[in-house]
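Source: prediction; values computed, not measured.
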Amino acid sequence: MDRRPVRRYPTGVPVSDDRMAVAPGLPRPGHGIVYVRSDGRGRWWATWADDYPQPDEAGAAYGHICFEGDGTYDVVEAWARAQAAAERLVAYPACPLPGTPPELWPGQVPLPPA
């Protein structure tokens with residue numbers, strides 16, 4: 001059986017993700033999303049991600065910072081609220097907050113008001 005490789009990109013165009021070639025920058029205040037997640041066993045963490053419209057002066061295409069370590073929901077929630085992101089989301093169904101109706105479990109939902 002003769003199987004030729006299938007090329008799914010134009011010949012001569014390098015295939016790489018240049019976004020990973022340069023270290024990320026910091027998220028810009030008022031931009032990006034803070035994602036709060038859990039492992040389902042009581043450990044929580046958060047990430048603030050911001051895709052830049054164009055690379056910054058250092059060549060970074062996005063900004064990214066994380067909550068350092070694993071924490072309780074209250075500690076991570078406080079960190080998430082302290083970030084100047086445009087939006088804050090909690091991941092579901094990994095660990096729905098107490099009292100959350102089942103119809104809101106799938107996907108990402110906004111961090112509830114303080």
Is the backbone N or O of A80 less than 3.5 Å from a side-chain atom of R88, with the two atoms forming a donor-acceptor pair by type? yes
What verdict does the side chain to side chain contact (heavy atoms under 4.5 Å, CB included) test give for W44 and V90, after you've listed the backbone C-alpha separation in whole Å, the side-chain angles of each residue and the deciding distance to 0.1 Å? CA-CA 10 Å; W44 290 83; V90 179; 4.2 Å; yes
Measure the CD-CG distance between Q83 and D50 for me, rounded to the nearest 0.5 Å. 12.5 Å
Side chain to side chain contact (heavy atoms under 4.5 Å, CB included) assessment of L26 paired with I65: CA-CA 7 Å; L26 294 174; I65 59 173; 3.5 Å; yes
Between W79 and W45 (side chain of the first, backbone of the second, donor and acceptor by atom type, cut-off under 3.5 Å), is there such a pair? no
Here the pair of heavy atoms bringing R28 nearest to Y52 is NE-CD2, 3.6 Å
side-chain hydrogen bond (donor to acceptor under 3.5 Å, both in side chains) involving R81 - partner list, sequence neighbours excluded: E77
Should F67 and V75 be marked as a side chain to side chain contact (heavy atoms under 4.5 Å, CB included) after you check the CA-CA gap, both sets of side-chain angles, and the distance that decides it? CA-CA 10 Å; F67 174 81; V75 171; 3.6 Å; yes
Give me the atom names and distance for the closest heavy-atom approach of A60 to P24. CB-C, 4.0 Å
What distance do T47 atom OG1 and R37 atom CZ have between them, rounded to the nearest 0.5 Å? 6.0 Å
Which heavy atom in A85 sits nearest to a heavy atom in G32, and how many Å separate them? CB-O, 3.8 Å
Could you give the distance from CD1 (I33) to CG (D51), rounded to the nearest 0.5 Å? 9.0 Å
